[in-house]
Amino acid sequence: MPDTAPLSDQPIAVIGGGITGLSAAFELIESGRRVMLVEASSTFGGKIAETSLDGSVVPTGPDAFLARRHEVTELAGELELGESLNSPVARSARIYRNGSLHPLPPNVLGVPATSALESSGLISAKGAAIAARGPVDGSTGDVHRDESVGALIRRELGDEVLEFLVDPLLGGINAGDTDRLSVMSGAPQLDALRKRPGRLLDAAAATISEAARTVDSTNPTPVFHSIEGGLGRLVDALVERLEASGRCELVTNTSGVIHPSGSGWLVNDTSVDQVIATVPAFVTSRLVEPIAPVVARLLDTIDYSSVALVLLTLAPDTINLDPEISGVLVPRTLGHHVTAISFASHKWPSLAIGGRQVLRVSVGRRTDERWCELTNAELIAAIEHDLSEIFDVDVHATHSEVTRWIRALPQYDVDHRLRIRELDQLLDDLPGLHLTGAWREGLGLPACVGAGRSAARRSLDAGT
């Protein structure tokens, strides 16, 4: 029978137990509200996933988060994990081109300062000259309108800068297609650049210079943070806090089913005050389709990319690489399966037991799903072939694990913000229903934590 408690005493339902849903539930219990957290799987944490390698924790999802954003750092402090924050030791990335590994020039999301164009050796003299001339067709875009990253960079800097600088960086972030990726929603740093006066290169140079003036050269701030012992500790601490509060019912192995009920909602036959859905857009679509088919259709326009994260261990000294190098990006135009190689044992030296090399290799993007048709053995063989070519050595893994993330990364196409605005207008007619997640607020742990807590605050405001 549905709960018949007064509305003010009814819980708020949170659907989805990934980091967004956990953060929303945490915000609610800290505000004194009762919560019912519903998760379809048997575990919490979503894409924060880990495996054990000879007793060492190795992430099979994200391994760190942006240090310049405060959401995860603040949450870690509230969970008494602030003293456990750490940062990768190796911090220098390379891009593979023409059989060589090239250092990234000083850049803003791939847009280099003018003086750095040719010095890295990554961009040819012809490509650098095209970029230095400014807009290749003499036109300028309307900075008040959205456009694709590809359109912006091709127009302002030419194809080469896009294909060998900007696209590899963004491809490593969201496995997307820069010719469809929204500048406003998918690359806000580039949106800020295009709104500055003058050429894009000069705007990048000014931004880099301004950032350098705020850095303490004797104690530079890391770009990324993690948590000693793995990001899973953040998930564990959240779940423990929710359980200890006495105000949160944790429901696993259950998909949420919602129906309007009077002035509130029913979630799996339990009366709740409000609902916060934090699951992927295509799951949310199925959740709301019976009650809001137009909302469901709008959610279905948000596409997703599938990727694989492959953990490899290699014998000591298999790949002779400067230990300061954290990883290598591989441009999609070269045709490899591999898109990025993270040297986990460089970033986290405790993994280098006995001198072994531990790599986390990313495969797949929106424009390349060849890997989906391969068995794990075939995929590992393809990766070993790519690595052998990139590093000019024979690569044979001594251990390997494949994690397939199907429809894992939301894609922010041009005018994504307009879709979100339309969605919010539709939700005005469904008071008490809040939809959020990476598909709405952006990728990365800070964005997801912020999205969950923000949705929780909106629900609290709506209930007052």
Side-chain angles (χ1 to χ4, degrees), residues 63-64 88-113 115-128 131 153 157 159-173 175 178 204 208 222-224 307 309-349 351-352 355-365 368 380 382-397:
D63 67 343
V89 173
R91 305 175 185 175
S92 177
R94 297 289 187 270
I95 294 182
Y96 175 71
R97 186 183 186 188
N98 296 332
S100 299
L101 302 181
H102 300 272
L104 273 71
N107 69 89
V108 178
L109 210 58
V111 176
S115 60
L117 267 174
E118 291 188 55
S119 60
S120 71
L122 176 62
I123 303 300
S124 69
K126 179 180 179 181
I153 301 302
L157 303 176
D159 293 345
E160 199 174 337
V161 171
L162 175 71
E163 293 170 6
F164 292 99
L165 253 175
V166 177
D167 189 80
L169 278 169
L170 282 172
I173 295 171
T178 47
I208 293 166
V223 177
F224 296 102
V307 296
L309 192 288
V310 182
L311 173 66
L312 300 178
T313 62
L314 309 179
D317 302 319
T318 298
I319 297 175
N320 184 17
L321 201 65
D322 186 332
E324 289 297 313
I325 295 177
S326 59
V328 175
L329 300 172
V330 183
R332 62 173 170 167
T333 53
L334 301 182
H336 295 288
H337 283 83
V338 169
T339 59
I341 307 150
S342 175
F343 283 82
S345 50
H346 286 185
K347 296 166 75 173
W348 318 105
L351 295 176
R356 71 183 177 189
Q357 296 181 316
V358 182
L359 280 60
R360 290 172 12 108
V361 181
S362 299
V363 173
R365 58 190 302 161
D368 182 10
I380 291 164
I383 290 172
E384 289 175 334
H385 179 271
D386 283 355
L387 296 180
S388 296
E389 179 181 321
I390 291 167
F391 297 108
D392 196 25
V393 295
D394 288 331
V395 173
H396 300 285

Handout entry: Gap separating the CG atom of N320 from the OG1 atom of T318, nearest 0.5 angstrom
Key = 10.5 Å
Handout entry: Contact check, side chains of Q357 and P316, non-hydrogen atoms, under 4.5 Å
Key = no
Handout entry: Heavy-atom side-chain proximity of V223 to R91 below 4.5 angstrom
Key = no
Practice task
Could you grab the distance from atom CG of L321 to atom NE2 of H346, nearest 0.5 Å is fine?
Solution key: 5.5 Å
Problem - Expected output: side-chain R97 to main-chain L122 donor-acceptor under 3.5 Å - result: yes
Fill in the blank from the handout: All heavy atoms of A128 vs all of I123, minimum pair found to be N-CG2, 3.5 Å
Handout entry: I173 side chain reached by L109 side chain, heavy atoms, under 4.5 Å
Key = yes
Handout entry: Short side-chain to backbone donor-acceptor contact, E163 and P331, under 3.5 Å
Key = no
Problem - Distance-minimising heavy-atom pair for A90 and S326 - result: O-CB, 3.3 Å
Practice task
Decide yes or no for L157 and V166: does some side-chain heavy atom of the first lie under 4.5 Å from some side-chain heavy atom of the second?
Solution key: no
Handout entry: Rounded distance (nearest 0.5 Å) linking atom CD1 of I95 with atom CG of L104
Key = 4.0 Å
Handout entry: 4.5 Å side-chain heavy-atom contact, I153 and T178
Key = no
Problem - Nearest-0.5 Å distance, CD1 of residue I383 to NE2 of residue H337 - result: 8.5 Å
Exercise for the section: Give a yes or no on whether the backbone of V395 and the side-chain of S388 come within a donor-acceptor separation of less than 3.5 Å. Expected result: yes
Problem - L351 side chain reached by F343 side chain, heavy atoms, under 4.5 Å - result: no
Handout entry: Between CG on residue L387 and CD1 on residue I380, distance to nearest 0.5 Å
Key = 11.5 Å
Problem - Neighbour count >12 (heavy atoms, 6.0 Å) for atom CG, D322 - result: yes
Fill in the blank from the handout: Checking D167, L170, V307 against R365 for side-chain contact (heavy atoms from CB on, under 4.5 Å), the one that qualifies is D167
Exercise for the section: Measure the CD1-CD1 distance between I325 and I341 for me, rounded to the nearest 0.5 Å. Expected result: 11.0 Å
Problem - Verdict with supporting geometry, R360 and S362, side chain to side chain donor-acceptor pair (under 3.5 Å) - result: CA-CA 7 Å; R360 290 172 12 108; S362 299; over 6 Å; no
Practice task
Carefully, step by step, assess L169 and N107 under the rule side chain to side chain contact (heavy atoms under 4.5 Å, CB included).
Solution key: CA-CA 11 Å; L169 278 169; N107 69 89; 3.7 Å; yes
Exercise for the section: Could I get the full list of salt bridge (Lys or Arg N to Asp or Glu O under 4.0 Å) partners for D368, not counting sequence neighbours? Expected result: R370
Fill in the blank from the handout: Nearest heavy-atom contact between V358 and S345 is N-OG, 3.0 Å
Exercise for the section: Please report the closest heavy-atom contact between L314 and A397, naming both atoms and the distance. Expected result: CD2-CA, 3.8 Å
Exercise for the section: Decide yes or no for V111 and V161: does some side-chain heavy atom of the first lie under 4.5 Å from some side-chain heavy atom of the second? Expected result: no
Problem - Minimum heavy-atom distance Y96-H336, with the two atoms named - result: CE2-NE2, 3.9 Å
Completion exercise
Heavy-atom nearest pair, P112 first then G110, reads CD-O, 3.2 Å
